[in-house]
*Asks:* 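Right, I'll just put the structure down here and ask away after.
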Amino acid sequence: MFASLNTMVQQCVRVACCSRLRFMWFALVVLTVLCGALQMLGVVRQARSSKVLKLVSEQLVRMPAEMYRPVKHKDWENLWSVSAAIVEEPLDLQPFIQRKDESENPHSEEGRDQVLEDTRKKLSSSTKAAPPIEAIKLWLDQYFPNQPQRPAFPKRTPEIHKPPPSDDKTDKQTVKSLVDDTAMCHPKNHIVFLKTHKTASSTILNILYRYGESHNLTFALPLNMQSQLFYPAFFAAHFVEGVRTRSVEEFHILCNHMRFSSQEVRKVMPKDTFYFSILRNPVSMMESLFVYYKAIPAFRTVKSLEEFLIQAPENDTELDKRSAEVIAAVERDFPLILISEYFDESLVLLKHALCWSLDDVSSFRLNSRSERSRRPLSAEIAEWVKEWNSLDWRLYQHFNATFWKRIDSTLGRAKLQQEVELLSAKRRKLEKMCLQEGGAVDPAQVQDSSLKPFQYGAAVIQGYNLRLGLSNATRQLCHRLITPELQYTSALYTKQFPHLADVRAVAANKFAASRSTAMHRAVKHYFDLTYQYK
């Protein structure tokens, strides 16, 4: 029994010794491999440092001359803008930055200057002339955070009464926004513009008319030579001239007044059509609507907008839900909503969305009222208007915000301001070239009866007079710029459907005469009421 126990103990000792020896041998092998790997890593690190050092040297040699001047703190933004244009991704200089004492604070002024000086000495051995220390700061700034921070590029232009720029864009997006995107896109020719009332939409219509006519595009014009697509009835495909007869193979632009129906519009327009519209502050729009549409029954029986607004309804408990539904529907169908109060900014945004030029969107104001027919509203009345048009007010707030977000995410405020100034300069040049008085005049002063704008309600709609002695080409350009909506629509209809124009014109004149008679009666009644209550 004792012999058997002794044998077992000897076997256990032998196994334990063998296991310990095996473990020590395995550990020795691992340490040997690890040492070899570390040595190889050091060789690779040294080779990489030499390669990066050479690459940076070549980059610094090719830097523009203006980067080699003495740099002050205020010049950091300009330096960074130059570097962003030269190098898409900053080079990583960490491998060849050598610090003599790791215990030193690497972010101190002394540590930074020492690293810069050492780096310059290394670069001088591989370049003809050692670049100044300030040029190297462009890449080393990320390792020394106590230095003055680079401002975001580009610097935003402060805007009055406009939302502040969003701050969630990356440097790459910002630099990309400085590139003229018109060089990388193709002009859009399939367009739907939802024309809204009293929002500067007649000016947008003129822009679309001129572009389409100059590019020989086909318009989806109202049936029977009408000026509107049977508003306020919901749009139907057969409201467009040429749809039922199938005399038109392809429509390019749909832009007359209509009550939008997505399903019906898509029966007329191609799949790649671009949709957009325009909104105006409901307060100023309400004042304009009341004056312009004074003849309609809703406004006819009251002497002032204040009297009309007294009947304002109470807030709808479902307004939040309803407004969310409407906003979602608009955003689904219309990728771009312009804002009338920022009209030039809207034209710049439209120019980029359609991939057009500034000349394409240059324009004069059309269907605009004289100042003497405008009625300023008090703050109290403005609040009444917002309450009456609660849904419109919420829509305007939402799309005004998305309007500026779109600008910040695409163009940026600086580029926007630059193009707005160019657009204004082009408009002033056109006014000087085309117009006699240099601006709009009251309808009684419009000399060419064919260019007199349609007058409606109590509004005084202004027009223009062309300068005398213009060349044929210049006169044609200027004439198109000032042609009122009704006359331009009629001219395009005659051009597209010459065989129908004569017949339609007779019917249209009869309709216009009857509407004009009713309008004059309503206006006379309005002024009679105004005089009576004075």
Side-chain angles (χ1 to χ4, degrees), residues 187-243 248 250-280 330 333-340 343 346-347 349-356 360-368 453-454 480-497 504 508:
K188 291 181 174 59
N189 290 334
H190 294 139
I191 302 166
V192 167
F193 171 54
L194 181 57
K195 190 175 187 296
T196 49
H197 291 286
K198 315 313 299 177
T199 59
S201 60
S202 293
T203 305
I204 299 289
L205 187 79
N206 179 269
I207 291 173
L208 296 174
Y209 275 174
R210 287 187 288 113
Y211 182 88
E213 185 180 15
S214 63
H215 289 79
N216 199 29
L217 303 182
T218 302
F219 292 89
L221 297 172
L223 187 68
N224 298 332
M225 213 173 184
Q226 297 294 316
S227 60
Q228 300 182 359
L229 290 160
F230 298 91
Y231 184 92
F234 278 104
F235 176 82
H238 64 269
F239 290 173
V240 175
E241 189 73 75
V243 169
V248 179
E250 179 185 18
F251 291 104
H252 295 96
I253 300 177
L254 174 62
C255 56
N256 295 93
H257 273 303
M258 66 172 166
R259 196 170 180 186
F260 186 75
S261 172
S262 177
Q263 183 177 0
E264 289 294 314
V265 169
R266 281 168 171 75
K267 292 180 181 179
V268 178
M269 301 302 295
K271 292 183 179 180
D272 64 343
T273 298
F274 181 81
Y275 292 74
F276 76 101
S277 186
I278 186 169
L279 293 179
R280 182 182 179 183
V330 173
D333 291 321
F334 296 90
L336 176 62
I337 299 294
L338 308 180
I339 300 298
S340 177
F343 191 70
S346 293
L347 291 183
L349 201 58
L350 179 64
K351 168 241 179 186
H352 283 273
L354 297 179
C355 194
W356 290 2
D360 293 328
V361 298
S362 297
S363 60
F364 297 149
R365 290 199 310 172
L366 295 177
N367 202 32
S368 180
F454 178 70
R480 289 174 176 174
L481 280 165
I482 67 172
T483 301
E485 175 182 338
L486 298 184
Q487 289 92 314
Y488 213 148
T489 303
S490 178
L492 291 175
Y493 187 95
T494 302
K495 182 178 180 179
Q496 287 189 194
F497 309 101
R504 305 303 190 206

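All heavy atoms count here, side chains included; hydrogens, waters and symmetry mates do not.
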*Asks:* Taking only residues two or more places apart in sequence, or in another chain, which ones meet Arg259 in a salt bridge (charged side-chain N to carboxylate O under 4.0 Å, His left out)?
*Replies:* none
*Asks:* For Gln487, check side chain to side chain contact (heavy atoms under 4.5 Å, CB included) against everything at least two apart and list the hits.
*Replies:* Thr483, Pro484
*Asks:* Salt-bridged, Glu213 to Arg210, with N to O below 4.0 Å?
*Replies:* no
*Asks:* By the definition side chain to side chain contact (heavy atoms under 4.5 Å, CB included), identify the one residue from Val265, Leu208, Ile191 that meets it with Leu254.
*Replies:* Val265
*Asks:* With the side chain counted from C-beta on, respond yes when Tyr211 and Leu354 share a heavy-atom pair under 4.5 Å apart, and no when they do not.
*Replies:* no
*Asks:* Which residues pass the side chain to side chain contact (heavy atoms under 4.5 Å, CB included) test with Asn367, sequence neighbours left out?
*Replies:* Lys198, Ser202, Tyr292, Ile461
*Asks:* Arg266: what forms a salt bridge (charged side-chain N to carboxylate O under 4.0 Å, His left out) with it, not counting sequence neighbours?
*Replies:* Asp333
*Asks:* So does Arg365 get a backbone contact from the side chain of Ser368, meaning a donor-acceptor N/O pair under 3.5 Å?
*Replies:* no
*Asks:* With ring-ring contact (aromatic ring centres under 6.0 Å, His included) as the test, would you mind laying out the steps for Phe235 and Phe260 before giving the verdict?
*Replies:* CA-CA 6 Å; Phe235 176 82; Phe260 186 75; 8.2 Å; no
*Asks:* Once rounded to the nearest 0.5 Å, what's the spacing between atom CG of Leu279 and atom OG1 of Thr199?
*Replies:* 7.5 Å
*Asks:* Step by step, would you call Ile253 with His215 a side chain to side chain contact (heavy atoms under 4.5 Å, CB included)?
*Replies:* CA-CA 12 Å; Ile253 300 177; His215 289 79; over 6 Å; no
*Asks:* Please check if the side chain of Thr218 supplies one atom and the backbone of His252 the other of a donor-acceptor pair under 3.5 Å.
*Replies:* no
*Asks:* Does the pair His190 and Asp272 meet the rule for a side chain to side chain donor-acceptor pair (under 3.5 Å), with working shown?
*Replies:* CA-CA 7 Å; His190 294 139; Asp272 64 343; 2.7 Å; yes
*Asks:* Test of understanding: with side chain to side chain contact (heavy atoms under 4.5 Å, CB included), list the residues that count as partners of Ser340, not counting sequence neighbours.
*Replies:* Ala200, Ile278, Arg280
*Asks:* Taking all non-hydrogen atoms of both residues into account, name the closest pair between Ala237 and Val243 and its distance.
*Replies:* O-CG2, 3.4 Å
*Asks:* State, yes or no, whether a side-chain contact exists between Gln226 and Glu241 at a heavy-atom distance under 4.5 Å.
*Replies:* no
*Asks:* Can you tell me how far the CG atom of Asn256 sits from the OG atom of Ser201, to the nearest 0.5 Å?
*Replies:* 10.5 Å
*Asks:* Measure from the side-chain N and O atoms of Ser277 to the backbone N and O of Leu194, and report whether any donor-acceptor pair falls under 3.5 Å.
*Replies:* yes
*Asks:* Is a side-chain donor or acceptor of Ser490 paired with a backbone partner of Leu486 at a separation under 3.5 angstrom?
*Replies:* no
*Asks:* Answer yes or no: is there a side-chain heavy-atom contact under 4.5 Å between Glu264 and Met258?
*Replies:* no
*Asks:* Does the Asn206 side chain pair with the main chain of Arg480, one donor and one acceptor, at a distance under 3.5 Å?
*Replies:* yes
*Asks:* Where does the angle between the aromatic ring planes of Phe219 and Tyr209 fall among parallel (under 30°), tilted (30 to 60°) and perpendicular (over 60°)?
*Replies:* perpendicular
*Asks:* Indicate yes or no: at least one non-hydrogen side-chain atom of Trp356 is less than 4.5 angstrom from one of Leu350.
*Replies:* no
*Asks:* Side-chain contact test, heavy atoms from C-beta onward, threshold under 4.5 Å: evaluate it for Leu349 versus Ser346 and give yes or no.
*Replies:* no
*Asks:* Identify the two heavy atoms, one from Pro270 and one from Glu250, that lie closest to each other, and give their separation to 0.1 Å.
*Replies:* CG-OE2, 4.5 Å
*Asks:* For atom CZ of Phe497, decide whether the heavy atoms of other residues, nucleotides or ligands shown that lie under 6.0 angstrom number more than 12.
*Replies:* yes
*Asks:* To the nearest 0.5 Å, tell me how far Asn189 CG sits from Phe274 CZ.
*Replies:* 13.0 Å
*Asks:* What closest approach, in Å, do Gly242 and Phe251 show between heavy atoms, and which atom pair accounts for it?
*Replies:* C-CZ, 4.5 Å
*Asks:* Let me see the working for Tyr231 and His197 under side chain to side chain contact (heavy atoms under 4.5 Å, CB included), right down to the final yes or no.
*Replies:* CA-CA 11 Å; Tyr231 184 92; His197 291 286; 3.4 Å; yes
*Asks:* Where does the angle between the aromatic ring planes of Phe334 and Tyr275 fall among parallel (under 30°), tilted (30 to 60°) and perpendicular (over 60°)?
*Replies:* perpendicular
*Asks:* Yes or no on side chain to side chain contact (heavy atoms under 4.5 Å, CB included) for Val268 and Phe239, after CA distance, side-chain angles and deciding distance?
*Replies:* CA-CA 10 Å; Val268 178; Phe239 290 173; over 6 Å; no
*Asks:* How long is the span from the CZ atom in Phe193 to the NE2 atom in His257, to the nearest 0.5 Å?
*Replies:* 8.5 Å
*Asks:* In Å and rounded to the nearest 0.5 Å, what is the CD1 to CD1 distance from Ile339 to Ile337?
*Replies:* 8.0 Å
*Asks:* Less than 4.5 Å apart, side chain to side chain, heavy atoms only: is that true for Ile204 and Leu347?
*Replies:* yes
*Asks:* Roughly how far, to the nearest 0.5 Å, is the CG atom of Leu205 from the CG atom of Leu366?
*Replies:* 9.0 Å
*Asks:* Tell me whether Gln263 at atom CD has more than 12 heavy atoms from other residues, nucleotides or ligands lying less than 6.0 Å away.
*Replies:* no
*Asks:* So, using salt bridge (charged side-chain N to carboxylate O under 4.0 Å, His left out) as the criterion, who are the partners of Lys188 when residues are at least two apart?
*Replies:* none
